[in-house]
Amino acid sequence: MSRRYITTAIDYPNAPPHMGHAMEKVLADVCARWFRLSGHDVRFQTGTDEHGIKIQRKAEEEGMTPQALVDRNVPLFQSLYSRLHISYDVFVRTTDREKHWPTVQALWKKLQEAGALEKRTYVGLYCAGCERFLTKRDLADGTCPIHHTAPEEVSEENWFFRMKEKADYLKTLLVAKDGYVITPDSRAHETLSLLEQGLEDVSFSRPQSSLSWGIPVPGDENQVMYVWCDALTNYISGLGYFTDHEDKSYWEDAEVTHVIGKDIARFHALIWPAMLHYAGIKTPNRLLIHGFLTSEGEKMSKSLGNVVVPDDVIAKYGVDPLRFYLSHEIPVGNDGDFSWKRFGELYDAKLRNQLGNLLNRVLVMLQKLGGDLSDIQNSAGLKSIVASGWSMYAAHMDAFQITDALATDVMSCVSAGNQSFNDKAPWTEKDDEKRRVILAEYVELLRHIALMLLPFMPETAQKISRQLNVPYAERMLEKDFTIDTVHEWGSLKDWKKVGIPEILFAPVE
RNA sequence: CGCGGGGUGGAGCAGCCCGGUAGCUCGCGAGGCUCAUAACCUCGAGGUCGGGGGUUCAAAUCCCUCCCCCGCAACCA
């Protein structure tokens, strides 16, 4: 058994969560559940990034303190994730002064000791209307595109992170692909290309006067940390680094995977390893980078009015169909689309007609014969379908190709089941005992399908297993449940009888 | 020359790195079955793989070039 530590990005709670948030968490959860199921000792962490100017401003607009704003919004994320059955172990809030701040401030000091930080004067183009610095790229004809005024040159003191120093180190790290992997490859290439273009040192703090909602820089009370040292550090503050409850085992002795979106890929790929290297901490093992969701083919935006709220989908179809859609439709690394039409098609074709119907047709017939399961055979050749299904499935899951695992490997077991069932045509068999023995094979097939579905649709996996009356059904969602002893054909000797068939996925609309 | 992604049957995608009968899902049409959630199974129609040029016995796949689309990133302007 090896240790695995998997994290998501921490969300910015200046507004309620949307489908993009759900997608990332489901992806990470599918991975975490697969890790556990295949016998690893897993720690899964998520959280919220609660500081920064946007929160500060949003709070002002709403006439409340920033703390009150995040205290109001963070539970929206937590409650969504609990409804989505995101099986995280730790939830880090960057405003947590007990658990998060001490690590961040300690890391800051380490960086300082290592010579990574240097105070400089930053000169930038400041737009008074926006109350922020603009880059040349933001400008339209030399003026702010929003306020149409020329920004003024303003200088302020910042602590800078000496990123340039680590360019060679990072290049070596990326090229070696040894212990530090960026998935998918295209993102690794992009990162290298960024490196080739040359790195700039990064502003790590702002004066209190321009950013007050953040963690104070230790030993320099007029400075507040900018996002990087604050937010990225959540990955180790959740492990209590540099405190008296430090647990390095899930970092030093674990395979560390950060699941993040493409928007923050470059920061995770460059700044974070550089920080860790300065501080003498090992780099994470893998960045798993996902794309973005569009809605009905267009960019999700408030002004277009096409922002999809996970709750609407959950209310209509339920949690597992949503998890299924996200895992089935959007290959890791690609952008994906959320389409109600496509959702409905998938729900009907895959979940109701193929999966639900297979379960039902088998179970109803067997139940009429008393449901006895003794003597599970392999006359329909299902054993080899299951065996090769498991092997492809495991390979895909281990390679984070979860779309292939679900859409190809699991669904082809389902489809092979329906196919074989038609060929065998047990309803034409007049001898009850012979018919029962045939049916028992399909029940065993379904047991395996449910196991394979577990990372994707935990609740459904359990429902199927309950209908099948599998002995482990009640404990299969526990974190120490593994497939180790149960993924072999006919391995369940104490399984005697099936349960009551029920409709798994009801028609919607 | 900013960077990146993409253009494959009606729709959505895979295949491209490592050239060799163009594949999957949905949808559509015909037939079969009737155990089952009008579900299941089989067969079929439909593509000169964005255009042009090159390399090669052979190109969706490699090289050059042109055209077109989408982002530069998540609710915030």
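Residue numbers start from 1 in every chain, and the chains themselves are labelled A, B, ... in the order their sequence lines are given, proteins ahead of strands.
- Following rounding to the nearest Å, A:L199 (CG) and B:C3 (P) show an atom-to-atom distance of 16 Å.
- B:U48 is unpaired under the criterion used here, namely a Watson-Crick or G-U wobble arrangement in which both key atom distances are under 3.5 Å.
- Remark: B:G4 base-pairs with B:C70; criterion is Watson-Crick or G-U wobble with both hydrogen-bond distances under 3.5 Å.
- The side chain of A:R361 lies closest to B:A36 when the candidates are B:U25, B:A36, B:C41.
- Electrostatic pairing of A:E62 and A:R72 counts as a salt bridge here, judged by a charged N lying under 4.0 Å from a carboxylate O.
- Ranking B:C35, B:A39, B:C41 by closeness to the A:Q419 side chain, first place goes to B:C41.
- The A:K368 side chain lies nearest to B:C35 when the options are B:U37, B:U25, B:C35.
- Between A:Y317 and A:F343, the ring center distance clears the sub-6.0 Å criterion.
- Across the P atoms, B:G27 and B:C41 are found 12 Å apart, a figure rounded to whole Å.
- The interatomic distance linking A:E329 (CD) with B:C24 (P) rounds to 17 Å, in whole Å.
- B:C24 is paired with B:G12 under the criterion used here, namely a Watson-Crick or G-U wobble arrangement in which both key atom distances are under 3.5 Å.
- The distance from atom CZ of A:F505 to atom C1' of B:A38 is 20 Å, rounded to the nearest whole Å.
- Listed nucleotides B:U34, B:C41, B:C76 differ in distance to A:K54; the shortest reach to its side chain belongs to B:C76.
- Nucleotide B:C43 forms a Watson-Crick or G-U wobble pair with B:G29, both donor-acceptor distances falling under 3.5 Å.
- Rounding to whole angstrom units, CE of residue A:M411 and P of B:C40 are separated by 10 Å.
- Aromatic ring pairs are classed by plane angle as parallel below 30°, tilted from 30° to 60° and perpendicular above 60°; the pair A:Y393 and A:W390 is perpendicular.
- Tested against A:F267 for a ring-ring contact (aromatic ring centres under 6.0 Å, His included), the candidates A:W228, A:Y226, A:F161 yield a single pass: A:W228.
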